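Keep in mind that what you see is a predicted model, and the values were worked out from it rather than measured.
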Protein chains: 2
Amino acid sequence: MTREAEQPQPAFGAHDHAHCTADTLARAEAEAVRLGLRLTPVRRRVLEILLEQHRAMGAYEVLDRLAAEGFGHQPPVAYRALDFLVDNGFAHRVRRLNAFAACMHPGETHAPVFLICRSCNVVAEAAGQPVRSALDAAAAAAGFTVERANIEALGLCPECKARELAS
Amino acid sequence: MTREAEQPQPAFGAHDHAHCTADTLARAEAEAVRLGLRLTPVRRRVLEILLEQHRAMGAYEVLDRLAAEGFGHQPPVAYRALDFLVDNGFAHRVRRLNAFAACMHPGETHAPVFLICRSCNVVAEAAGQPVRSALDAAAAAAGFTVERANIEALGLCPECKARELAS
DNA sequence: AGCCGGATTGTTACATGATAACCTCTCCCT
DNA sequence: AGGGAGAGGTTATCATGTAACAATCCGGCT
(Lines give C-alpha, C1' and ligand atoms only; values in the text may rest on other atoms or scores of the structure.)
Protein backbone atom coordinates (compact mmCIF):
# COMPACT_ATOMS: atom_id res chain seq x y z
CA MET A 1 0.00 0.00 0.00
CA THR A 2 1.39 3.40 -0.91
CA ARG A 3 1.45 6.13 1.61
CA GLU A 4 0.42 8.76 -0.92
CA ALA A 5 -2.86 7.48 -2.30
CA GLU A 6 -4.21 9.18 -5.37
CA GLN A 7 -7.55 10.73 -4.75
CA PRO A 8 -7.96 13.40 -7.38
CA GLN A 9 -11.52 14.48 -6.78
CA PRO A 10 -12.52 16.27 -3.61
CA ALA A 11 -15.94 14.59 -3.48
CA PHE A 12 -18.60 13.62 -5.95
CA GLY A 13 -18.62 16.57 -8.29
CA ALA A 14 -16.77 19.87 -8.15
CA HIS A 15 -17.27 22.63 -5.62
CA ASP A 16 -15.75 25.85 -4.32
CA HIS A 17 -13.12 24.22 -2.19
CA ALA A 18 -11.41 27.34 -0.85
CA HIS A 19 -14.73 28.56 0.43
CA CYS A 20 -15.89 25.31 1.96
CA THR A 21 -12.53 24.88 3.72
CA ALA A 22 -12.50 28.33 5.26
CA ASP A 23 -16.13 28.05 6.18
CA THR A 24 -15.77 24.69 7.88
CA LEU A 25 -12.68 25.80 9.76
CA ALA A 26 -14.50 28.88 11.02
CA ARG A 27 -17.40 26.78 12.22
CA ALA A 28 -15.01 24.39 13.92
CA GLU A 29 -13.34 27.25 15.76
CA ALA A 30 -16.64 28.63 16.94
CA GLU A 31 -17.61 25.17 18.09
CA ALA A 32 -14.36 24.76 20.01
CA VAL A 33 -14.99 28.02 21.84
CA ARG A 34 -18.54 26.99 22.61
CA LEU A 35 -17.37 23.71 24.10
CA GLY A 36 -14.44 25.21 25.96
CA LEU A 37 -11.92 23.16 23.99
CA ARG A 38 -8.43 24.26 23.12
CA LEU A 39 -7.78 24.22 19.40
CA THR A 40 -4.00 24.41 19.82
CA PRO A 41 -1.56 24.96 16.93
CA VAL A 42 -0.98 21.26 16.19
CA ARG A 43 -4.64 20.42 16.43
CA ARG A 44 -5.66 23.34 14.32
CA ARG A 45 -2.99 22.60 11.75
CA VAL A 46 -4.05 18.97 11.50
CA LEU A 47 -7.62 20.03 10.92
CA GLU A 48 -6.43 22.46 8.24
CA ILE A 49 -4.44 19.74 6.54
CA LEU A 50 -7.43 17.43 6.47
CA LEU A 51 -9.61 20.22 5.12
CA GLU A 52 -7.11 21.29 2.45
CA GLN A 53 -6.77 17.79 1.12
CA HIS A 54 -10.47 17.13 1.46
CA ARG A 55 -9.96 13.41 1.50
CA ALA A 56 -9.21 10.62 3.93
CA MET A 57 -5.59 10.69 5.08
CA GLY A 58 -3.55 8.17 7.03
CA ALA A 59 -2.09 9.24 10.37
CA TYR A 60 1.45 8.88 9.07
CA GLU A 61 0.67 10.96 6.06
CA VAL A 62 -0.56 13.74 8.34
CA LEU A 63 2.52 13.23 10.49
CA ASP A 64 4.82 13.77 7.51
CA ARG A 65 3.20 17.14 6.89
CA LEU A 66 3.46 18.13 10.52
CA ALA A 67 7.10 17.12 10.72
CA ALA A 68 7.89 19.14 7.59
CA GLU A 69 6.37 22.18 9.27
CA GLY A 70 8.37 21.98 12.47
CA PHE A 71 6.03 20.00 14.70
CA GLY A 72 6.99 16.71 16.32
CA HIS A 73 8.21 13.83 14.19
CA GLN A 74 6.78 10.92 16.17
CA PRO A 75 3.50 9.05 15.65
CA PRO A 76 1.88 10.09 18.94
CA VAL A 77 1.97 13.71 17.84
CA ALA A 78 -0.32 12.96 14.93
CA TYR A 79 -2.45 10.39 16.72
CA ARG A 80 -3.13 12.64 19.67
CA ALA A 81 -4.24 15.53 17.52
CA LEU A 82 -6.36 13.25 15.37
CA ASP A 83 -7.91 11.58 18.40
CA PHE A 84 -8.75 14.97 19.83
CA LEU A 85 -10.45 16.01 16.60
CA VAL A 86 -12.37 12.76 16.35
CA ASP A 87 -13.42 12.70 19.99
CA ASN A 88 -14.80 16.19 19.71
CA GLY A 89 -16.54 15.85 16.39
CA PHE A 90 -14.15 17.87 14.23
CA ALA A 91 -13.03 14.87 12.23
CA HIS A 92 -14.03 11.29 11.54
CA ARG A 93 -12.16 8.06 11.39
CA VAL A 94 -12.70 5.94 8.31
CA ARG A 95 -11.83 2.50 9.57
CA ARG A 96 -11.98 0.72 6.28
CA LEU A 97 -9.11 2.90 5.09
CA ASN A 98 -7.29 3.31 8.42
CA ALA A 99 -7.65 6.98 7.73
CA PHE A 100 -9.10 10.24 8.97
CA ALA A 101 -11.19 12.92 7.32
CA ALA A 102 -12.30 16.37 8.44
CA CYS A 103 -15.91 16.61 9.47
CA MET A 104 -17.81 18.82 7.08
CA HIS A 105 -20.49 19.68 9.62
CA PRO A 106 -18.85 20.37 12.98
CA GLY A 107 -21.31 21.19 15.69
CA GLU A 108 -24.35 19.81 13.97
CA THR A 109 -25.50 16.57 15.51
CA HIS A 110 -25.17 14.15 12.71
CA ALA A 111 -24.52 10.52 11.97
CA PRO A 112 -21.92 10.45 9.26
CA VAL A 113 -22.09 7.77 6.62
CA PHE A 114 -19.01 7.29 4.49
CA LEU A 115 -19.28 6.33 0.86
CA ILE A 116 -15.96 5.00 -0.39
CA CYS A 117 -15.43 4.47 -4.10
CA ARG A 118 -13.47 1.28 -4.69
CA SER A 119 -12.32 2.55 -8.05
CA CYS A 120 -11.10 6.13 -7.46
CA ASN A 121 -10.87 6.06 -3.65
CA VAL A 122 -12.88 9.21 -3.17
CA VAL A 123 -14.62 9.36 0.18
CA ALA A 124 -17.86 11.29 0.60
CA GLU A 125 -19.62 12.03 3.84
CA ALA A 126 -23.35 11.58 3.42
CA ALA A 127 -26.21 12.44 5.71
CA GLY A 128 -27.04 9.39 7.74
CA GLN A 129 -29.79 10.42 10.11
CA PRO A 130 -32.25 7.81 8.78
CA VAL A 131 -29.53 5.18 8.79
CA ARG A 132 -28.67 6.01 12.34
CA SER A 133 -32.31 5.81 13.37
CA ALA A 134 -32.59 2.36 11.84
CA LEU A 135 -29.41 1.35 13.62
CA ASP A 136 -30.69 2.61 16.95
CA ALA A 137 -33.87 0.65 16.43
CA ALA A 138 -32.02 -2.56 15.57
CA ALA A 139 -29.82 -2.12 18.61
CA ALA A 140 -32.73 -1.35 20.90
CA ALA A 141 -34.36 -4.61 19.82
CA ALA A 142 -31.34 -6.37 21.34
CA GLY A 143 -31.36 -4.18 24.43
CA PHE A 144 -28.23 -2.43 23.27
CA THR A 145 -27.57 1.29 23.58
CA VAL A 146 -25.55 2.86 20.79
CA GLU A 147 -23.06 5.54 21.77
CA ARG A 148 -20.94 5.83 18.67
CA ALA A 149 -21.35 4.26 15.27
CA ASN A 150 -19.26 3.69 12.19
CA ILE A 151 -21.22 3.31 9.02
CA GLU A 152 -19.13 2.82 5.93
CA ALA A 153 -20.07 1.68 2.47
CA LEU A 154 -17.76 0.48 -0.27
CA GLY A 155 -18.98 0.75 -3.83
CA LEU A 156 -18.89 2.90 -6.92
CA CYS A 157 -19.24 6.67 -7.15
CA PRO A 158 -21.34 8.12 -9.98
CA GLU A 159 -18.32 9.00 -12.13
CA CYS A 160 -16.71 5.57 -11.91
CA LYS A 161 -20.01 3.86 -12.45
CA ALA A 162 -20.49 5.79 -15.65
CA ARG A 163 -16.96 4.92 -16.73
CA GLU A 164 -17.55 1.22 -16.11
CA LEU A 165 -20.76 1.23 -18.06
CA ALA A 166 -19.06 3.02 -20.95
CA SER A 167 -16.30 0.44 -21.26
CA MET B 1 -3.37 -4.44 24.52
CA THR B 2 -3.24 -8.13 25.36
CA ARG B 3 -3.50 -10.69 22.64
CA GLU B 4 -5.91 -12.82 24.65
CA ALA B 5 -8.82 -10.50 25.28
CA GLU B 6 -11.33 -11.49 27.91
CA GLN B 7 -14.77 -11.88 26.47
CA PRO B 8 -16.63 -14.19 28.78
CA GLN B 9 -20.12 -14.06 27.35
CA PRO B 10 -20.89 -15.56 23.97
CA ALA B 11 -23.46 -12.89 23.10
CA PHE B 12 -26.21 -11.04 24.86
CA GLY B 13 -27.75 -13.70 27.02
CA ALA B 14 -27.05 -17.41 27.21
CA HIS B 15 -27.80 -19.97 24.54
CA ASP B 16 -27.14 -23.55 23.50
CA HIS B 17 -23.72 -22.89 22.13
CA ALA B 18 -22.81 -26.45 21.11
CA HIS B 19 -25.93 -26.61 19.06
CA CYS B 20 -25.60 -23.23 17.40
CA THR B 21 -21.99 -23.97 16.51
CA ALA B 22 -22.68 -27.32 14.90
CA ASP B 23 -25.68 -25.93 13.15
CA THR B 24 -23.90 -22.94 11.70
CA LEU B 25 -20.97 -25.06 10.57
CA ALA B 26 -23.30 -27.45 8.80
CA ARG B 27 -25.00 -24.59 7.02
CA ALA B 28 -21.64 -23.16 6.02
CA GLU B 29 -20.56 -26.47 4.55
CA ALA B 30 -23.75 -26.79 2.56
CA GLU B 31 -23.27 -23.28 1.33
CA ALA B 32 -19.70 -23.99 0.26
CA VAL B 33 -20.86 -26.96 -1.77
CA ARG B 34 -23.61 -24.91 -3.33
CA LEU B 35 -21.13 -22.22 -4.39
CA GLY B 36 -18.47 -24.66 -5.53
CA LEU B 37 -15.99 -23.41 -2.95
CA ARG B 38 -13.33 -25.52 -1.31
CA LEU B 39 -13.62 -25.52 2.45
CA THR B 40 -10.12 -26.90 2.93
CA PRO B 41 -8.74 -28.07 6.30
CA VAL B 42 -7.21 -24.73 7.30
CA ARG B 43 -10.24 -22.77 6.23
CA ARG B 44 -12.61 -25.13 7.93
CA ARG B 45 -10.56 -25.15 11.09
CA VAL B 46 -10.45 -21.37 11.20
CA LEU B 47 -14.19 -21.23 10.87
CA GLU B 48 -14.53 -23.78 13.66
CA ILE B 49 -12.24 -21.77 15.89
CA LEU B 50 -14.27 -18.63 15.31
CA LEU B 51 -17.47 -20.52 16.00
CA GLU B 52 -16.16 -22.21 19.14
CA GLN B 53 -15.06 -18.93 20.65
CA HIS B 54 -18.17 -17.18 19.44
CA ARG B 55 -16.52 -13.80 19.65
CA ALA B 56 -14.37 -11.49 17.59
CA MET B 57 -10.80 -12.76 17.35
CA GLY B 58 -7.68 -11.12 16.04
CA ALA B 59 -5.86 -12.76 13.13
CA TYR B 60 -2.82 -13.47 15.28
CA GLU B 61 -4.95 -15.07 17.93
CA VAL B 62 -6.38 -17.41 15.30
CA LEU B 63 -2.88 -18.00 14.00
CA ASP B 64 -1.66 -19.08 17.43
CA ARG B 65 -4.36 -21.73 17.50
CA LEU B 66 -3.54 -22.92 14.00
CA ALA B 67 0.16 -23.12 14.76
CA ALA B 68 -0.53 -25.14 17.89
CA GLU B 69 -2.46 -27.61 15.77
CA GLY B 70 0.22 -28.20 13.17
CA PHE B 71 -0.77 -25.69 10.54
CA GLY B 72 1.54 -22.94 9.35
CA HIS B 73 3.05 -20.49 11.79
CA GLN B 74 3.14 -17.37 9.63
CA PRO B 75 0.58 -14.55 9.37
CA PRO B 76 -0.41 -15.17 5.75
CA VAL B 77 -1.74 -18.58 6.72
CA ALA B 78 -4.31 -17.02 9.00
CA TYR B 79 -5.01 -14.00 6.84
CA ARG B 80 -5.63 -16.07 3.72
CA ALA B 81 -8.08 -18.33 5.44
CA LEU B 82 -9.82 -15.41 7.10
CA ASP B 83 -9.99 -13.46 3.85
CA PHE B 84 -11.50 -16.47 2.14
CA LEU B 85 -14.16 -16.77 4.82
CA VAL B 86 -14.96 -13.07 4.73
CA ASP B 87 -15.03 -12.85 0.93
CA ASN B 88 -17.47 -15.71 0.76
CA GLY B 89 -19.75 -14.69 3.57
CA PHE B 90 -18.71 -17.26 6.18
CA ALA B 91 -17.23 -14.68 8.50
CA HIS B 92 -17.19 -10.96 9.05
CA ARG B 93 -14.51 -8.47 9.76
CA VAL B 94 -15.08 -6.17 12.71
CA ARG B 95 -12.96 -3.21 11.82
CA ARG B 96 -13.25 -1.33 15.07
CA LEU B 97 -11.60 -4.27 16.79
CA ASN B 98 -9.26 -5.34 13.98
CA ALA B 99 -10.90 -8.69 14.43
CA PHE B 100 -12.95 -11.40 12.76
CA ALA B 101 -16.11 -13.21 13.77
CA ALA B 102 -17.94 -16.18 12.29
CA CYS B 103 -21.07 -15.32 10.41
CA MET B 104 -24.10 -16.70 12.19
CA HIS B 105 -26.20 -16.80 9.05
CA PRO B 106 -24.13 -18.11 6.16
CA GLY B 107 -25.97 -18.22 2.90
CA GLU B 108 -28.75 -15.90 3.90
CA THR B 109 -28.42 -12.53 2.26
CA HIS B 110 -28.06 -10.24 5.18
CA ALA B 111 -26.53 -6.96 6.20
CA PRO B 112 -24.76 -7.60 9.45
CA VAL B 113 -24.72 -4.92 12.09
CA PHE B 114 -22.23 -5.33 14.89
CA LEU B 115 -23.01 -4.21 18.39
CA ILE B 116 -19.84 -3.92 20.42
CA CYS B 117 -20.06 -3.43 24.16
CA ARG B 118 -17.40 -0.98 25.31
CA SER B 119 -17.49 -2.41 28.79
CA CYS B 120 -17.35 -6.20 28.38
CA ASN B 121 -16.22 -6.34 24.72
CA VAL B 122 -18.93 -8.74 23.67
CA VAL B 123 -19.82 -8.49 20.00
CA ALA B 124 -23.30 -9.33 18.78
CA GLU B 125 -24.40 -9.63 15.17
CA ALA B 126 -27.80 -8.03 14.78
CA ALA B 127 -30.20 -8.08 11.86
CA GLY B 128 -29.55 -5.01 9.79
CA GLN B 129 -31.85 -5.26 6.81
CA PRO B 130 -33.65 -1.98 7.66
CA VAL B 131 -30.33 -0.30 8.37
CA ARG B 132 -28.98 -1.46 5.07
CA SER B 133 -32.05 -0.21 3.25
CA ALA B 134 -31.63 3.21 4.80
CA LEU B 135 -27.97 3.15 3.83
CA ASP B 136 -28.75 2.22 0.25
CA ALA B 137 -31.23 5.07 0.10
CA ALA B 138 -28.74 7.59 1.48
CA ALA B 139 -26.14 6.39 -0.99
CA ALA B 140 -28.55 6.47 -3.90
CA ALA B 141 -29.30 10.11 -3.10
CA ALA B 142 -25.63 10.80 -3.84
CA GLY B 143 -25.62 8.61 -6.93
CA PHE B 144 -23.50 6.06 -5.15
CA THR B 145 -23.95 2.30 -5.44
CA VAL B 146 -23.20 0.28 -2.32
CA GLU B 147 -21.48 -3.05 -2.79
CA ARG B 148 -20.31 -3.87 0.72
CA ALA B 149 -21.02 -2.14 3.98
CA ASN B 150 -19.59 -2.10 7.46
CA ILE B 151 -22.01 -1.04 10.12
CA GLU B 152 -20.62 -1.10 13.63
CA ALA B 153 -21.96 0.39 16.82
CA LEU B 154 -20.10 0.93 20.05
CA GLY B 155 -22.14 1.17 23.21
CA LEU B 156 -23.43 -0.76 26.17
CA CYS B 157 -24.93 -4.23 26.16
CA PRO B 158 -27.97 -4.88 28.40
CA GLU B 159 -25.93 -6.55 31.14
CA CYS B 160 -23.36 -3.80 31.40
CA LYS B 161 -26.01 -1.12 31.24
CA ALA B 162 -27.79 -2.71 34.20
CA ARG B 163 -24.50 -2.92 36.07
CA GLU B 164 -23.77 0.77 35.47
CA LEU B 165 -27.19 1.81 36.65
CA ALA B 166 -26.82 -0.28 39.78
CA SER B 167 -23.56 1.35 40.81
C1' DA C 1 4.85 38.26 41.29
C1' DG C 2 5.42 33.42 42.26
C1' DC C 3 3.78 28.80 42.67
C1' DC C 4 0.96 24.80 41.77
C1' DG C 5 -1.40 21.33 38.97
C1' DG C 6 -3.36 19.73 34.93
C1' DA C 7 -3.17 19.68 30.03
C1' DT C 8 -0.22 19.55 26.08
C1' DT C 9 3.53 18.13 23.24
C1' DG C 10 7.69 16.11 22.64
C1' DT C 11 10.60 11.88 23.02
C1' DT C 12 12.06 6.53 22.82
C1' DA C 13 10.75 2.15 22.32
C1' DC C 14 7.70 -1.24 21.18
C1' DA C 15 3.31 -3.82 20.22
C1' DT C 16 0.11 -5.10 16.91
C1' DG C 17 -1.83 -5.74 12.32
C1' DA C 18 -1.18 -6.77 7.42
C1' DT C 19 1.23 -7.92 2.86
C1' DA C 20 4.69 -8.83 -0.81
C1' DA C 21 7.25 -12.24 -3.00
C1' DC C 22 8.61 -16.63 -3.67
C1' DC C 23 8.56 -21.92 -3.47
C1' DT C 24 6.40 -26.36 -3.38
C1' DC C 25 2.76 -29.49 -3.62
C1' DT C 26 -1.43 -31.45 -5.37
C1' DC C 27 -5.03 -32.02 -8.29
C1' DC C 28 -7.10 -32.01 -12.55
C1' DC C 29 -7.19 -31.57 -17.46
C1' DT C 30 -5.36 -32.52 -21.95
C1' DA D 1 3.75 -37.12 -19.26
C1' DG D 2 3.20 -32.16 -19.14
C1' DG D 3 1.32 -28.09 -17.48
C1' DG D 4 -1.54 -24.73 -15.22
C1' DA D 5 -4.47 -23.24 -11.31
C1' DG D 6 -5.16 -23.12 -6.60
C1' DA D 7 -3.69 -23.75 -1.99
C1' DG D 8 -0.64 -23.29 1.69
C1' DG D 9 3.94 -22.94 3.45
C1' DT D 10 8.08 -19.86 4.00
C1' DT D 11 11.03 -15.30 4.80
C1' DA D 12 11.10 -10.71 5.15
C1' DT D 13 9.19 -6.37 5.58
C1' DC D 14 5.92 -2.76 5.88
C1' DA D 15 2.03 -0.17 8.12
C1' DT D 16 -0.60 1.16 11.98
C1' DG D 17 -1.13 2.29 16.71
C1' DT D 18 0.38 2.74 21.92
C1' DA D 19 2.78 2.77 26.44
C1' DA D 20 5.54 5.33 29.28
C1' DC D 21 8.14 9.05 30.49
C1' DA D 22 10.16 14.02 30.29
C1' DA D 23 9.80 18.82 29.38
C1' DT D 24 6.91 22.63 28.85
C1' DC D 25 2.97 25.56 28.71
C1' DC D 26 -0.86 27.89 30.88
C1' DG D 27 -4.53 29.22 33.88
C1' DG D 28 -5.81 30.02 38.54
C1' DC D 29 -4.65 30.91 43.23
C1' DT D 30 -2.30 33.08 47.07
Of the listed nucleotides (dG10(C), dG8(D), dG17(D)), which one gets closest to any side-chain atom of Asn98(A)? dG17(D)

Check this one for me: any side-chain N or O of Arg45(B) less than 4.0 Å away from OP1 or OP2 of dG8(D)? no

Scan the side chains in residues 131-145 of chain A for donor-acceptor partners under 3.5 Å anywhere in the protein, sequence neighbours excluded, and list what turns up.
unit_1: Arg132(A); atom_1: NE; unit_2: Asp136(A); atom_2: OD1; d: 3.0
unit_1: Arg132(A); atom_1: NE; unit_2: Asp136(A); atom_2: OD2; d: 3.4
unit_1: Ser133(A); atom_1: OG; unit_2: Gln129(A); atom_2: O; d: 3.0
unit_1: Thr145(A); atom_1: OG1; unit_2: Lys161(B); atom_2: NZ; d: 2.5

For Arg95(B), answer base if it contacts any base atom (sugar-phosphate contacts may also be present), sugar-phosphate if it contacts only those atoms, and nothing otherwise; contact means non-hydrogen atoms under 4.0 Å. nothing

Which stems does DNA chain C form, counting runs of 3 or more consecutive Watson-Crick or G-U wobble pairs with both distances under 3.5 Å? C:1-30 with D:1-30

With respect to Asn150(B), which candidate in Glu152(A), Arg95(A), Arg96(A) satisfies the side-chain hydrogen bond (donor to acceptor under 3.5 Å, both in side chains) definition? Arg96(A)

Readout for nucleotides 21-30 of chain C: B = base within 4.0 Å of protein heavy atom, S = sugar-phosphate only, - = neither; 5' to 3' it is ----------

If you find the nucleotide of DNA chain D closest to Pro75(B) and the one closest to Arg43(B), which residue's nucleotide is nearer the 5' end? Arg43(B)

Choose from dG17(D), dA18(C), dT12(C) the nucleotide whose nearest atom is closest to any side-chain atom of Ala59(B). dA18(C)

Which residues share a side-chain contact (heavy atoms from CB on, under 4.5 Å) with Asn98(A), sequence neighbours left out: none

Leu63(B) CG to dA15(C) P, straight-line distance once rounded to whole Å: 17 Å

Sequence neighbours left out, cut at 3.5 Å: what donor-acceptor pairs do the side chains of residues 66-87 of chain A make with other protein atoms?
unit_1: Glu69(A); atom_1: OE1; unit_2: Arg45(A); atom_2: NE; d: 2.6
unit_1: Glu69(A); atom_1: OE2; unit_2: Arg45(A); atom_2: NH2; d: 3.2
unit_1: Glu69(A); atom_1: OE2; unit_2: Arg65(A); atom_2: NH1; d: 3.4

Considering only side-chain heavy atoms of Gln74(B), which listed nucleotide, dT11(D), dT16(D), dA7(D), is closest? dT11(D)

Note: Ala101(A) and Leu50(A) closest approach over all heavy atoms is C-CD1, 4.1 Å

By nearest atom, which of the nucleotides dA18(C), dG10(C), dG17(D) is closest to the Arg93(B) side chain? dA18(C)

Closest non-hydrogen atoms of His92(B) and Pro112(B), given as atom of the first, atom of the second and distance, are CE1-CG, 3.4 Å

Of all residues at least two apart in sequence or in a different chain, which pass the ring pair (Phe, Tyr, Trp, His ring centres under 6.0 Å) check with Phe100(A)? none

Nearest-nucleotide pick for Tyr60(B), side chain only, options being dA7(D), dT10(D), dA18(C): dA18(C)

Quick check: on DNA chain C, is the nucleotide nearest His73(A) upstream (toward 5') of the one nearest Phe100(B), or the reverse? Name the residue that is more 5'. His73(A)

At what distance, to the nearest 0.5 angstrom, does CD of Glu52(A) lie from CG of Leu25(A)? 9.5 Å

